Amino acid sequence: MLTRTATYVTAVAALLVGLCTSACTATKPAALAVLPPPPISPELYRTIARLDSAMFVAFNRHDAAQLQTFFAEDLEFYHDKGGLANFEQTMQGFRNLFEQNKTTGLNRQLVPGTLEVYPISGYGAVETYQHRFCHVENGKDDCGTFKNMMVWRLKDGQWKVTRVVSYGH
C-alpha cells in the first residue's frame, strides 16, 4: 500500500511540475483590455470628461493662459520624476514646455476607455486615466503613455483642479 501511495504522490508531483513548467514558460497571451466600471454618476462623468477635454484642447494649442484657468491657485502637482510643484511652478513649467516644443507638434490624447470619475462628497471629484503624449524628435514620432489622477474641486459653481498626481514615466 505504501508503494502505491508513493507512486501516486510521485505521479501527481510530476504532473504538477509539468503543468507549472509549461504554464510558466509558455508565451503569455497579450493582456486583455479591462474596461473601467460604469460611472457612479453619469452626469458627473460627463462634466469631468468635458472639462478634461477642454483642458487638453488648451494644452494641445500650447495656450498657457487658457490652460491655467483649469487649475486652482492652491494646486499641488505631484510628478514621479519631477517632484512636487505649486501653481506658479506648474504654470511656468507649462510655459517652458510650450516654448521648447514650438515646432515639435507636442500633443496629448486621452487613451480611450481609461477615464474613470468618482465623486468626493462635499468637495468635487477624482479623475483617473491614462494619456499619451507625442512629439516629433529627430524626424520621428516620440510618444509615451502615462498615468494621471486629478482631484477637481467644485467651489462657487466652478470646477478647478487642486491636486494632480502624474506617474508611470
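Atoms considered below: every heavy atom in the structure, side chains included; atoms not considered: hydrogens, waters and symmetry mates. Residues: numbered from 1 along the sequence shown. It should be emphasised that the depicted structure is a prediction, and the values quoted were computed from it without experimental measurement.
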Side-chain touch Val111/Thr145, heavy atoms, less than 4.5 angstrom: yes
Pair Arg61-Val57, side chain to side chain contact (heavy atoms under 4.5 Å, CB included): steps then yes or no: CA-CA 6 Å; Arg61 290 182 179 160; Val57 164; 3.5 Å; yes
Close side-chain approach of Val164 to Leu75, heavy-atom, < 4.5 Å: yes
Asn96-Gln92 side chain donor-acceptor pair, cut-off 3.5 Å: yes
Close side-chain approach of Thr69 and Leu67, heavy atoms under 4.5 Å: no
Distance-only donor-acceptor check, side chains Thr162 and Tyr123, under 3.5 Å: yes
Member of Asp52, Val126, Thr128 meeting the side chain to side chain contact (heavy atoms under 4.5 Å, CB included) criterion with Met150: Asp52
Expected output: side-chain Thr90 to main-chain Asn86 donor-acceptor under 3.5 Å: yes
Distance in Å, Phe87 CZ paired with Glu76 CD, rounded so as to fall on 0.5 Å steps: 14.0 Å
side-chain hydrogen bond (donor to acceptor under 3.5 Å, both in side chains) evaluation trace for His169 with Asp80: CA-CA 7 Å; His169 298 93; Asp80 63 350; 2.6 Å; yes
Intermediate values then yes/no, side chain to side chain contact (heavy atoms under 4.5 Å, CB included), Tyr45 and Glu116: CA-CA 8 Å; Tyr45 180 92; Glu116 295 181 46; 6.0 Å; no
Main-chain N/O of Tyr129 paired with Thr114 side-chain donor or acceptor, under 3.5 Å: no
Spacing of Lys140 atom NZ and His135 atom NE2 [to the nearest 0.5 Å]: 13.0 Å
Close side-chain approach of Phe70 to Lys160, heavy-atom, < 4.5 Å: no
CG on Leu154 to CD1 on Ile120, rounded to 0.5 Å: 11.5 Å
Side chains of Ile48 and Trp159 in contact at under 4.5 Å (non-hydrogen atoms): yes
pair Met91-Gln89: side-chain heavy atoms closer than 4.5 Å: no
Check: Trp152 and Glu127 side chains under 4.5 Å, non-hydrogen atoms: yes
Over all atoms of both residues, closest heavy-atom pair of Cys134 and Arg132: SG-NE, 3.9 Å
Leu115 vs Val117, side chain to side chain contact (heavy atoms under 4.5 Å, CB included): CA-CA, chis, key distance, verdict: CA-CA 7 Å; Leu115 179 65; Val117 177; 4.3 Å; yes
Under 3.5 Å: donor-acceptor pair, side chain of His62, backbone of Leu106: yes
Rounded distance (nearest 0.5 Å) linking atom CE of Met149 with atom OH of Tyr78: 9.5 Å
Worked verdict on Phe59 versus Phe133 for side chain to side chain contact (heavy atoms under 4.5 Å, CB included): CA-CA 11 Å; Phe59 181 91; Phe133 289 89; 3.6 Å; yes
4.5 Å side-chain heavy-atom contact, Val136 and Asp142: no
Reported CZ-to-OG distance for the pair Phe77 and Ser166, which is rounded to 0.5 angstrom: 5.0 Å
